[in-house]
Trainee: 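Sending over a structure as structure tokens; questions will come in a sec.
Basis for what follows: all heavy atoms, side chains included, without hydrogens, waters or symmetry-related copies. Every chain is numbered from 1 and lettered A, B, ... according to where its sequence line falls, protein lines coming before strand lines.
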Amino acid sequence: MKNSYIGQAWLVVVLSLCFGAALAAVQTTLQPRIEQNKLADTIGQIPKLVPGAAGGELQRVGDQVAYRAMDASGQQVGWVLAAAGQGFADRIELLIGMDAAAARITGLYVLDQKETPGLGNKIVDDAFCAKFQGRATEPVLVVTKHAPQADREIEGITGATISSESVVGIVNAAVAKFREAPKP
Amino acid sequence: MDAATQKPENVASAPVAVAPAIHIAPAPHLFGGVLTTRRMMVDVLLALVPVLVASLWMFRLYTVLQLAICMVSALVAETVFTKMRGRRPTLGDGSAVVTGAILAFSLPATAPWYVGFIGAFVAIGLGKIVFGGLGQNIFNPAMVGRAFVLIAFPVAMGASAYVAPTAGLDGLTQATPLTALKMLGQSTGLLPLFLGTTNGSLGETSALACLIGGLYLCARRTASWEIPAAAILAVAAISGLLGVLGPRTGWTLFHDLSGGAFLFGAFYIATDPVSSPLTPKGKWMFGAGFGALVMLIRRMSGYPEGVMFAVLIMNALVPLINRWAIPTPVGGPVPVKKTA
Amino acid sequence: MSQDGPTPLERFINGILPENPVYRQILGMCPTLAVTNSMEGALTMAGAVAFVLICSNVLISLIRGLLKPHLRILVFTLTIATFVTIADRVLAAYMYEMSKQLGPYVPLIIVNCIIICRCEVCASKQGLRAALTDAVGQALGFTLGLASIATVREILGSGTWFGRWLGWRVIPEAAPQHWSPWVVMVLPPGAFITLGLLMGAVNWFAARKAK
């Protein structure tokens, strides 16, 4: 017994079983809460991104992740589209709110970014995100260095041209793809 | 060891020792006490006079203000830090003044006071004293300070900080030439770039002033001519090649040479004897690498100008270059002893 | 055996300053550098490490009689990984924002050398009381290390101290011509510079005291 494999490793086996059981218990207890946290991160943004929306549900469109934004009576009032792309430093992840026909942008929220603090990370500010509100999705948006004179112009952040252009580029690409995709 | 004459340490400390009965000192045995750290630093300050004139003409009082902040802060930092380390005061060698001046000339005109202040403290403290003082530092102190404040204060130091329409100076209303090229695709004329009537860091705008001061430094042998020569050749070659491959309208290799801080960096910063290689061969490598990195950063990175990072990267490579560029002694290479 | 080594109380005190994990043993550098740009992140990390350290030290001390020498590292790792996973899940469930900010650094506690070092050096050879006081002392020392670095970085980098939890603003928000937070302190270079300077300061004081 002393020299058999079991004799050597019984402690490891027993510990593994105990730890496995403990982890399973922790996981089952906490999983619903964690899932809820994650959903709240995106679904919770929907009412802010689409006016009149009370909640939403996940709806894949092609290979894009989108959420149907519903009002209190369950009527669809718009879309929230998840989009991501390369920024100045790292990937930028966005949520884009649109009306039901995907013709106008109703809101923009930055889920995740690692742009330069003090310059590029101003893309998360409401001051920048609000500039996208009410813009038509056609023609594509462009970044300008001055106050916008046309509907398609978005004033970039001073000193963070690349970050501003990245966000606008991600929005343009994702929205164009979404508009062309057949919706279920 | 011809390069040892350019190492300020050996020479500056020599006359201090009390004369013993018999002189036993390592080579070089011939020096007249002329080539001291102090003389070299005074030379650099003299060579900076044309740059100062061009800068005063272009940026007026802003130049005076930044120079005063940086130089005074550098002197205070030197006093405080040498005292903390319990060393003899080294204010007299003038190196702190030069570091402060180079730092000031590499800042935007309207940078707030704390940029120069903190930059100078970081330059002297983290760039020089923590390594053991002048002669021991791996990196050019002024560039360490500038890199720190560039990352610390992107709003006050980034490309947009150079444009200050409310400052009341013509030069400060447009973007710097390299930013204009990178972001807007606009080229600046060669004559303004050469004379320095463009926007930019305080000391970098005038290619003419940098050339005059730089040639003086090289003629006095305070700066090694190999480094700027190699850097200019490298930039000219790369820029010329890129110009042939994909021409940009109105932007030639002469624009690349005289635009931005390249000449200022090549003559005043890269030639710092402490943080550059010892041998002429090594200096050629150092200069060429510096020029190539400047072009790489200008064309391929998010930054419009790359002199500062190019200097710091090449500084880090100096120990390696020194190993590569060991000169062959008279009488052929030293035979390698076989060790087990 | 235990009569030769330091008493439990000495172990406790040793962990805090004389054998501080960050400044003296230079262990656990990854979280020290990565999560110290705010007090909240640093203290959450320190709390998670303390939980894992204390739990695994106690457990290893309890089963120390059963350990086989050649399988001990495996048992240590298994124990540590379990408690780290528990800590990670609890953070994700109850402190979701903080868990998102700390990202991979919570699972990375598994490879934090402080814990396996204490298991090996102390818990696997000492009784429960010694192991417990040792773990608490080391955890406090680690907390002290993280908090000191985070204090410097958060005050200089953001002008706040406990800015997210308590909203304390140390340096008033000034116009850019008067003062500005040092962005570099929030970024990784600030971590290296701060750690180096603080470690230098600790050594300087220690050398002065020794004289």
Side-chain angles (χ1 to χ4, degrees), chain A residues 1-45 88-91 93 109-122 124 157-160 163, chain C residues 37-38 51-52 55-56 59-60 62-101 103 106 110 124 153-154 156-159 176 180-190:
Chain A
M1 185 66 186
K2 268 264 170 202
N3 290 324
S4 71
Y5 289 119
I6 296 297
Q8 296 282 325
W10 70 269
L11 182 66
V12 176
V13 174
V14 169
L15 277 181
S16 304
L17 287 175
C18 294
F19 288 157
L23 285 184
V26 169
Q27 180 72 2
T28 27
T29 327
L30 296 180
Q31 189 59 23
R33 231 194 129 90
I34 297 171
E35 283 301 316
Q36 208 189 337
N37 282 340
K38 277 189 185 154
L39 264 184
D41 216 23
T42 40
I43 303 259
Q45 295 298 330
F88 179 69
D90 203 345
R91 266 166 70 89
E93 289 181 28
Y109 177 73
V110 181
L111 268 182
D112 197 18
Q113 55 83 29
K114 295 186 178 59
E115 302 301 287
T116 321
L119 287 174
N121 75 349
K122 285 187 185 157
V124 306
I157 299 164
T158 315
S163 298
Chain C
N37 56 15
S38 70
F51 165 76
V52 177
C55 290
S56 24
L59 192 79
I60 295 292
L62 286 176
I63 61 170
R64 70 184 187 281
L66 307 169
L67 287 175
K68 301 265 182 302
H70 57 290
L71 287 177
R72 66 183 199 287
I73 301 287
L74 181 59
V75 173
F76 295 165
T77 318
L78 201 63
T79 316
I80 295 166
T82 308
F83 287 116
V84 169
T85 314
I86 293 174
D88 181 43
R89 297 285 83 189
V90 170
L91 279 182
Y94 295 100
M95 299 175 76
Y96 185 67
E97 273 302 305
M98 203 36 85
S99 151
K100 246 178 49 170
Q101 190 206 325
V106 177
I110 293 174
S124 63
R153 287 183 69 191
E154 192 181 340
L156 288 181
S158 319
S180 153
W182 305 11
V183 175
V184 68
M185 280 301 173
V186 182
L187 299 174

Trainee: At a heavy-atom separation under 4.5 Å, does Gln27(A) approach chain C through its side chain, its backbone, both, or neither?
Mentor: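 For Gln27(A), side-chain heavy atoms alone lie under 4.5 Å from chain C.
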Trainee: Measuring from atom CD1 of Ile80(C) to atom OG1 of Thr85(C), what distance do you get when rounded to the nearest 0.5 angstrom?
Mentor: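 Result: 11.5 Å between the selected atoms.
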Trainee: Measure the spacing between CZ of Phe83(C) and OG of Ser56(C) and express it to the nearest 0.5 Å.
Mentor: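 Reported value, rounded in 0.5 Å steps: 6.5 Å.
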Trainee: Using non-hydrogen atoms only, which part of Leu66(C) is less than 4.5 Å away from chain A: side chain, backbone, both, or neither?
Mentor: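 Both backbone and side chain.
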Trainee: Between atom OG of Ser99(C) and atom CD1 of Ile34(A), what is the distance when rounded to the nearest 0.5 Å?
Mentor: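 If we round to the nearest 0.5 Å, Ser99(C):OG and Ile34(A):CD1 are 8.0 Å apart.
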Trainee: Per the salt bridge (charged side-chain N to carboxylate O under 4.0 Å, His left out) rule, what does the pair list look like for residues 78-100 of chain C, sequence neighbours excluded?
Mentor: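 Matches after skipping sequence neighbours: Asp41(A)-Lys100(C).
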Trainee: Rounded to the nearest 0.5 Å, how far apart are CG of Asn37(C) and OG of Ser158(C)?
Mentor: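 Taking CG in Asn37(C) and OG in Ser158(C), the distance rounds to 7.0 Å.
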Trainee: Can Gln113(A) and Ser163(A) be said to form a side chain to side chain contact (heavy atoms under 4.5 Å, CB included), step by step?
Mentor: CA-CA 10 Å; Gln113(A) 55 83 29; Ser163(A) 298; over 6 Å; no
Trainee: Partners of Asp112(A) by salt bridge (Lys or Arg N to Asp or Glu O under 4.0 Å), sequence neighbours excluded?
Mentor: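 Asp112(A): salt bridge (Lys or Arg N to Asp or Glu O under 4.0 Å) contacts with Lys114(A).
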Trainee: Who in residues 183-190 of chain C is close to chain A, using a strict under-4.5 Å heavy-atom cut-off?
Mentor: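 Result: Val183(C), Leu187(C).
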Trainee: Does the side chain of Tyr96(C) come within less than 4.5 Å of Lys38(A)'s, by heavy atoms?
Mentor: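 Side chain of Lys38(A) against side chain of Tyr96(C), heavy atoms only: contact under 4.5 Å found.
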Trainee: Distance-only, no hydrogens or angles: does the Arg72(C) side chain make a donor-acceptor pair with backbone N or O of Leu67(C) under 3.5 Å?
Mentor: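 No, because the side chain of Arg72(C) does not come within donor-acceptor range (under 3.5 Å) of the backbone of Leu67(C).
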Trainee: What part of Glu35(A) is in contact with chain C, defined as an atom under 4.5 angstrom from a non-hydrogen atom: side chain, backbone, both or neither?
Mentor: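 Contact with chain C involves no heavy atom of Glu35(A) at all.
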Trainee: Is there any residue in residues 11-18 of chain A with a non-hydrogen atom under 4.5 Å from a non-hydrogen atom of chain C, and which ones are they?
Mentor: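 Checking residues 11-18 of chain A against chain C gives Leu11(A), Val12(A), Leu15(A), Ser16(A).
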Trainee: Top residue by heavy-atom pair count (under 4.5 Å) with chain A, among Val90(C), Thr79(C), Leu71(C), Leu59(C)?
Mentor: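 Ranked by heavy-atom pairs under 4.5 Å with chain A, first place is Thr79(C).
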Trainee: Can you tell me if Ser180(C) uses its side chain to pair, donor with acceptor, with the backbone of Pro176(C) under 3.5 Å?
Mentor: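 Pair absent, no side-chain N/O of Ser180(C) close to backbone of Pro176(C).
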Trainee: Are the side chain of Glu115(A) and the backbone N or O of Lys122(A) linked by a donor-acceptor pair below 3.5 Å?
Mentor: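 Judged by distance alone, no pair lies under 3.5 Å.
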